[in-house]
2 protein chains.
Amino acid sequence: MRVLLHPAEHEIRLENLFHALSDPARLEVVRTLIALGSEQSCNSLGEAMAKSTFSHHLKVLRESGVTRTRVAGTHRYVTVRSEELNRRFPGLLDLVERSGPPALTDAAAAALSAARA
Amino acid sequence: MRVLLHPAEHEIRLENLFHALSDPARLEVVRTLIALGSEQSCNSLGEAMAKSTFSHHLKVLRESGVTRTRVAGTHRYVTVRSEELNRRFPGLLDLVERSGPPALTDAAAAALSAARA
DNA sequence: ACTAGTGGTCTACGATCATCGAACTTGGGA
DNA sequence: TCCCAAGTTCGATGATCGTAGACCACTAGT
């Protein structure tokens, strides 16, 4: 897998975003990414699930247009496509951010504290 | 079926809303309801699919908190829970409304013209 | 070049979902 | 009362999804 598929901004469809965000695990990942505010290495997130499961969730988020994944050597870095999403579907990310989680998962808390250290 | 289940406002969860709205047929129904702006009889919508399928979609929308269904004799009337949704998840309905449909389905167009007549 | 280890994908499987036909329930007339 | 109209529920089927174990690619160190 050399090339990662990302939809262009105009190809992002609302129902695909809704589907991507309808899974609690993915919603949590996006919330964590928003909270951290910057590019994150793949392995700093999603430690609560199997690698393959997390990889699958990242693929769904990427192909729906929620996130962008950058390849750099052996690492992959994930970001939320905030500018494009705010331009095309204003308010969506605010919704995700403000509907704060009932409680942070251990993985998310670990990622948060690691990012602050 | 005497009693229809509706979640209370504080029980409405974002991931359930996202899931309910991630299906194109349901998204179309909600967009039509918003466009029409008032209570609609069940049979004025969803003529593009089987009765049982439409009934299932309405159930998903209702149980996720998107719509409210009122029973009146042999008829049921559906509304979008706009006030509650705007209070709890501000911007969500605007998002659905503004991300206009690529094209109105025949059923939706029929419902629209019927409502305008 | 070989090996070890890290980082990510492929494949299979169980669960959920969307769809529809058919049978059932209920209410409103003729 | 008898029948139709409006919706729901049930059963079945094909598709999609979430999960995780097994597998592969790449890098660093020796």
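In what follows, every chain begins at residue 1, and chains take the letters A, B, ... in the order their sequences are listed.
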Peer 1: Do A:Leu27 and A:Ile34 share a hydrophobic cluster, counting only Ile, Leu, Val, Met, Phe, Trp and Tyr and linking them when any side-chain heavy atoms are less than 4.5 Å apart?
Peer 2: yes
Peer 1: Could you tell me how far apart A:Leu21 (CG) and D:dC17 (P) are, to the nearest whole angstrom?
Peer 2: 14 Å
Peer 1: Mind checking salt bridge (charged side-chain N to carboxylate O under 4.0 Å, His left out) for B:Glu9 and listing every partner two or more places apart, or none if nothing turns up?
Peer 2: B:Arg87
Peer 1: Hey, any chance B:Ile12 and B:Val96 share a hydrophobic cluster, counting ILVMFWY side chains that come within less than 4.5 Å of each other, even indirectly?
Peer 2: yes
Peer 1: Any side-chain to backbone donor/acceptor pair from B:Thr32 onto B:Glu28? Under 3.5 Å, distance only.
Peer 2: yes
Peer 1: Tell me the interatomic distance from A:Lys59, atom NZ, to C:dG7, atom C1', rounded to whole angstroms.
Peer 2: 16 Å
Peer 1: Would you say the side-chain atoms of B:Arg68 pair up with the backbone N or O of B:His6, donor to acceptor, closer than 3.5 Å?
Peer 2: no
Peer 1: Would one find a side-chain N or O of B:Ser55 under 4.0 angstrom from OP1 or OP2 of D:dG7?
Peer 2: no
Peer 1: Give me, pair by pair, the N or O atoms of the protein and of nucleotides 3-6 of chain D that are less than 3.5 Å apart, along with how far apart they are.
Peer 2:
from	atom 1	to	atom 2	distance (Å)
D:dA6	O3'	B:Thr74	O	3.3

Peer 1: Rounded to the nearest Å, what distance is computed from the CD atom of residue A:Glu28 to the C1' atom of nucleotide D:dG18?
Peer 2: 17 Å
Peer 1: What is the distance, to the nearest angstrom, from the CZ atom on B:Phe54 to the C1' atom on C:dG21?
Peer 2: 18 Å
Peer 1: Under a 4.5 Å side-chain heavy-atom rule over Ile, Leu, Val, Met, Phe, Trp and Tyr, are B:Leu17 and A:Leu95 clustered together?
Peer 2: yes
Peer 1: In terms of side-chain heavy atoms, does B:His57 have a donor or acceptor partner in B:Arg26 at a distance below 3.5 Å?
Peer 2: yes
Peer 1: Take the protein atom CD of A:Glu63 and the nucleotide atom P of D:dG18, then report the distance between them rounded to whole Å.
Peer 2: 12 Å
Peer 1: In this structure, how many angstroms lie between the P atom of D:dG7 and the CG atom of B:Leu58, rounded?
Peer 2: 9 Å
Peer 1: In whole angstrom, what separates B:Phe18's CZ from D:dC17's P?
Peer 2: 17 Å
Peer 1: Where the side chain of A:Glu63 meets the backbone of A:Val60, is there a donor-acceptor pair that is under 3.5 Å apart?
Peer 2: no
Peer 1: State plainly whether the residues B:Glu97 and B:Arg31 are in salt-bridge range, i.e. N to O under 4.0 Å.
Peer 2: no
Peer 1: Return the polar atom pairs (N/O with N/O) between nucleotides 17-19 of chain C and the protein under 3.5 Å, or none.
Peer 2:
from	atom 1	to	atom 2	distance (Å)
C:dA18	OP1	B:Arg26	NH1	3.1
C:dA18	OP1	B:Arg26	NH2	2.6
C:dA18	OP2	B:His56	NE2	3.0
C:dT19	OP2	B:His57	NE2	2.3

